[in-house]
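Report on the structure given below.
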Amino acid sequence: MKYKNWQVSPEEKYDVTEEISIVGGQYYYESKVTLSGFTGERQLVTGIVNLLSDKAIQEIGEKDCLLATFDKQSENKDNLGMAVLVKKSSFLGFDEAPESGPAKVQQTYFVKLKSLPGVPVSFRFFAGWEAADEQFKNAGLFQKFLEKERIRMSDTVKVNLKSQK
C-alpha cells in the first residue's frame with residue numbers, strides 16, 4: 001500500500017509504503033513500513049487495542065521486544081492472545097494511549113519504533129484464538145508459543161556451500 005503526501009501535521013507530509021506479508025499456517029502477519037519525505041528520525045507506533053484487556057505484557061529481550069495481551073477479549077468472550085514483536089534495533093519504548101479524551105487513538109497499548117527516511121521498519125502482529133488451536137487455550141501456552149516465535153524470528157539462516165569435485 002502506498003500513501004503519497006500523507007498530512008501528519010500542518011507542517012509535515014510524508015510518503016508511506018507498507019508491505020504486508022501473510023504466510024499460510026502462521027498466526028501472524030509481518031508488516032514493513034517505510035516513511036520518507038523528512039530528514040532525521042521520526043517515531044512510528046503500532047499496538048494492540050485494550051478494550052477487553054487490563055494488563056499488557058512488555059518484555060525487552062536481547063534481540064527483540066514483545067508487547068502482548070491475553071484475556072477473554074474475542075467478540076465471543078473467548079480467550080484471545082495478541083502480540084506485537086519488534087526487533088530491538090528499532091525499539092524506542094512501550095506506552096499506553098489514554099482511555100478517553102481528545103486523542104485520536106484511545107484504549108491501546110503500543111510500541112514506539114524508530115523510523116529513518118527510506119529505511120523499512122518491520123514488526124510481526126500475532127493473534128492466537130483458543131477456538132483455533134489448543135496452544136492458545138491459556139496465557140501460559142500462549143507465552144510458550146510466543147517464545148518459539150521469538151527464537152524463529154531472531155535466528156539467522158546459515159548456508160554452507162560445498163563445491164563438488
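Remember, predicted model here, so these are calculated numbers, not experimental data.
Looking at every heavy atom in both residues, Glu12 comes nearest to Arg42 through OE2-NH2, 2.7 Å. In plain terms, the two heavy atoms of Gly40 and Pro117 that are nearest each other are O-CD, 3.1 Å. Residues Ala68 and Ala83 share a closest heavy-atom pair of CB-CB, 3.8 Å. Residues Ile60 and Cys65 approach most closely at CG2-SG, 3.9 Å, considering heavy atoms. When all heavy atoms of Val121 and Ser115 are compared, the pair lying nearest together is CG2-CA, 4.0 Å. Of all heavy-atom pairs spanning Leu67 and Gln58, the tightest one is CD1-CG, 3.9 Å.
Here the OH atom belonging to Tyr14 is positioned 12.5 Å from the CG atom belonging to Asn5, to the nearest 0.5 angstrom. With rounding to the nearest 0.5 angstrom, the CG atom of Leu85 is 10.0 Å from the OH atom of Tyr28. Taking CG of Leu146 as the start and CG of Leu141 as the end, the distance is 11.0 Å to the nearest 0.5 Å. The CD atom of Glu99 sits 5.0 Å away from the CD atom of Gln107 when rounded to the nearest 0.5 Å.
Contact check for Ile48 versus Val84: side-chain heavy atoms found under the 4.5 Å cut-off. Using a 4.5 Å heavy-atom cutoff, the side chains of Lys63 and Met153 are not in contact. In this structure the side chain of Leu52 never reaches within 4.5 angstrom of the side chain of Lys72, judged on heavy atoms. Taking 4.5 Å as the limit, some side-chain heavy atom of Phe91 sits within range of a side-chain heavy atom of Val111. Between Ile57 and Gln143, some side-chain heavy-atom pair lies under the 4.5 Å cut-off.
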For this session: Let me see the working for Thr17 and Lys32 under side chain to side chain contact (heavy atoms under 4.5 Å, CB included), right down to the final yes or no.
Result: CA-CA 8 Å; Thr17 302; Lys32 292 180 185 173; over 6 Å; no

For this session: Quick one: do Glu149 and Arg152 satisfy side chain to side chain contact (heavy atoms under 4.5 Å, CB included)? Show the steps, please.
Result: CA-CA 5 Å; Glu149 291 298 319; Arg152 287 182 53 202; 2.9 Å; yes

For this session: Using the side chain to side chain contact (heavy atoms under 4.5 Å, CB included) rule, take Val33 and Leu44 through it: C-alpha gap first, then chi angles, then the decisive distance, then the call.
Result: CA-CA 9 Å; Val33 180; Leu44 180 69; 3.8 Å; yes

For this session: Could you please spell out the steps behind the side chain to side chain contact (heavy atoms under 4.5 Å, CB included) verdict for Asp15 and Lys2?
Result: CA-CA 7 Å; Asp15 291 336; Lys2 293 185 181 201; over 6 Å; no

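A donor-acceptor contact shorter than 3.5 Å links the side chain of Gln7 to the backbone of Ser9. The backbone N or O of Val8 sits nowhere less than 3.5 Å from a side-chain atom of Lys13 that would complete a donor-acceptor pair. Between the Asn138 side chain and the Gly140 main chain, a donor and an acceptor come within less than 3.5 Å of each other. Looking at Asp64, its side chain never comes within 3.5 Å of a backbone N or O of Val86 through a donor-acceptor pair. With Asp71 contributing its side chain and Gln73 its backbone, the two residues share no donor-acceptor pair below 3.5 Å. Looking only at distances, no side-chain donor or acceptor of Gln43 sits under 3.5 Å from a matching main-chain atom of Lys112. A donor-acceptor pair is defined here as one N or O able to donate and one able to accept, closer than 3.5 Å; such a pair exists between the side chain of Asn50 and the backbone of Thr108.
Checked by atom type, the side-chain pair Asn79/Trp129 shows no donor-acceptor distance below 3.5 Å. No hydrogens or angles considered: a donor-acceptor pair under 3.5 Å links the side chains of Glu18 and Ser31.
Under the 4.5 Å side-chain heavy-atom criterion for ILVMFWY residues, a single connected hydrophobic cluster contains both Tyr29 and Leu80. Transitive grouping of hydrophobic side chains (ILVMFWY, heavy atoms separated by less than 4.5 Å) brings Phe123 and Ile22 into a common cluster. Under the 4.5 Å side-chain heavy-atom criterion for ILVMFWY residues, no single connected hydrophobic cluster contains both Leu92 and Phe110. Ile20 and Val45 are not part of a single hydrophobic cluster, where members link through side-chain heavy atoms under 4.5 Å apart. Linking ILVMFWY residues whenever their side-chain heavy atoms come closer than 4.5 Å, directly or via other members, leaves Leu66 and Ile151 in distinct clusters.
Looking at Glu30 and Arg124, a side-chain N of the basic residue comes within less than 4.0 Å of a carboxylate O on the acidic one, giving a salt bridge. Using a 4.0 Å cut-off between charged side-chain N and carboxylate O, Lys144 and Glu147 make no salt bridge.
Ring geometry for Phe142 versus Phe136: interplanar angle over 60°, hence perpendicular rather than tilted (30 to 60°).
Among Phe125, Phe70, Tyr109, Phe126, the one residue that satisfies the side chain to side chain contact (heavy atoms under 4.5 Å, CB included) test with Met82 is Phe125.
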